[in-house]
Amino acid sequence: MNIVFATNNPNKLAEVRALLPSEIKVLSLQDINCNEELPENGDTLEDNAAQKAYYVYDNYGFNCFADDSGLEIDALDGRPGVYSARYAGPECLANDNIEKVLQELEDIDNRDACFRTVISLVINGNEVQFEGMIEGQIIPEKWGNEGFGYDPIFLPDGCEKSFAQMSLSEKGEISHRGLAVKKLISFLSR
Ligand code: IMP
């Protein structure tokens, strides 16, 4: 089965390809010559994931899935949440987002947070969504160089390594995206 994963993030593509069985061939946006920005202007992860998946299905005719993910920090009332990518400003880098979060939590004891992913699958014109979530803590300094985004400051509950100290497969086994992808695989394998 061929299916498009609608993301421009090479890290996400690698994480998801590592999880999917060989019967499911994941095409990238480049593989289908889709080079434009995908729409992503909803107020929820659910909306954004659906917008991206429907865009590819409607305009390119491929069955497609897209994910939208965010870091939700309890002491910040769930921020950055759906705005995780550009939390520190429109052109910001991942490190700017990390610095902003660390600054906002500077004098705060409650470091509880979770990562949440929503995957929208649009298959033959019908949509199904899958969710994955992992709880953890925001650590006060960066640990590790792997991964992307907020990985260096997220310590999953029960782990001694941040996401940025894990291999792709270690992270995929427990991560929000990994859990949502497992639900996607079991749906596609029915
Ligand atoms: P997106 O809209 O799903 O691409 O994700 C929004 C932002 O959330 C990303 O740009 C990252 O900053 C952050 N994010 C999503 N997933 C992860 C992850 O697995 N690790 C670290 N940061 C993530």
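Quick caveat: nothing in here was measured; it's all calculated off a predicted structure. Order of listing sets the numbers, starting from 1, for every ligand and every atom in it. When a residue number appears, it is its place in the shown sequence, counting from 1.
- Residues Ile3 and Ile24 form a side-chain contact, since some pair of their non-hydrogen atoms from C-beta on lies under 4.5 Å apart.
- Considering Phe148, Tyr150, Phe163 only, the shortest heavy-atom separation from atom 17 (C) of ligand 1 involves Phe148.
- Not one N or O of Lys52 is nearer than 3.5 Å to an N or O of ligand 1, by distance alone.
- Under the 3.5 Å distance criterion, with hydrogens and angles disregarded, no donor-acceptor pair is assigned to the side chains of Glu131 and Gln129.
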Item to check | Worked verdict on Leu102 versus Ile98 for side-chain contact (heavy atoms from CB on, under 4.5 Å) | outcome: CA-CA 6 Å; Leu102 291 183; Ile98 288 180; 4.0 Å; yes

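- Looking at ligand 1, you'll find an N or O of Lys12 within less than 3.5 Å of one of its N or O atoms.
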Checklist entry - So Glu104 and Tyr87, side chain to side chain donor-acceptor pair (under 3.5 Å) or not? Walk me through it. => result CA-CA 12 Å; Glu104 288 184 321; Tyr87 191 45; 2.6 Å; yes

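- The protein heavy-atom contact nearest to atom 5 (O) of ligand 1 is Ser69 O, 3.3 Å.
- Counting only heavy atoms of the protein, atom 23 (C) of ligand 1 lies nearest to Phe115 CE2, 3.5 Å.
- If you check which protein heavy atom lies closest to atom 8 (O) of ligand 1, you get Ser84 CB, 3.3 Å.
- With ligand atoms numbered from 1 in the order given, ligand 1 contributes 16 (N), 17 (C), 18 (C), 19 (O) to contacts under 4.0 Å with heavy atoms of His176.
- Nearest protein heavy-atom neighbour of atom 16 (N) of ligand 1: Arg177 NH2, 2.7 Å.
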Next on the checklist: Apply side-chain contact (heavy atoms from CB on, under 4.5 Å) to residues Leu184 and Phe65 and explain how you reach the verdict.
Outcome noted: CA-CA 9 Å; Leu184 169 74; Phe65 65 94; 4.0 Å; yes

Checklist entry - Does the salt bridge (Lys or Arg N to Asp or Glu O under 4.0 Å) test come out yes or no for Glu173 and Lys182, once each step is laid out? => result CA-CA 9 Å; Glu173 197 51 48; Lys182 280 180 197 156; 3.4 Å; yes

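- Closest to atom 2 (O) of ligand 1, if we only count protein heavy atoms, is Asp68 OD1, 2.9 Å.
- Hydrophobic clustering, with ILVMFWY side chains joined whenever heavy atoms are under 4.5 angstrom apart, keeps Ile138 apart from Phe148.
- The distance from ligand 1 to the heavy atoms of Gly149 drops below 4.0 Å at these ligand atoms: 12 (O), 21 (C), 22 (N).
- Heavy-atom proximity to Lys171, at under 4.0 Å, picks out these atoms of ligand 1: 18 (C), 19 (O), 20 (N).
- If you check which protein heavy atom lies closest to atom 20 (N) of ligand 1, you get Asp151 OD1, 2.6 Å.
- The aromatic rings of Phe163 and Phe115 sit parallel to each other, their planes meeting at less than 30°, with 60° as the upper class boundary.
- In terms of polar-atom proximity, defined here as any N/O pair under 3.5 Å, Glu40 does make such a contact with ligand 1.
- For the side chain to side chain donor-acceptor pair (under 3.5 Å) with Asp67, the qualifying choice from Arg177, Lys52, His176 is Arg177, the only one to do so.
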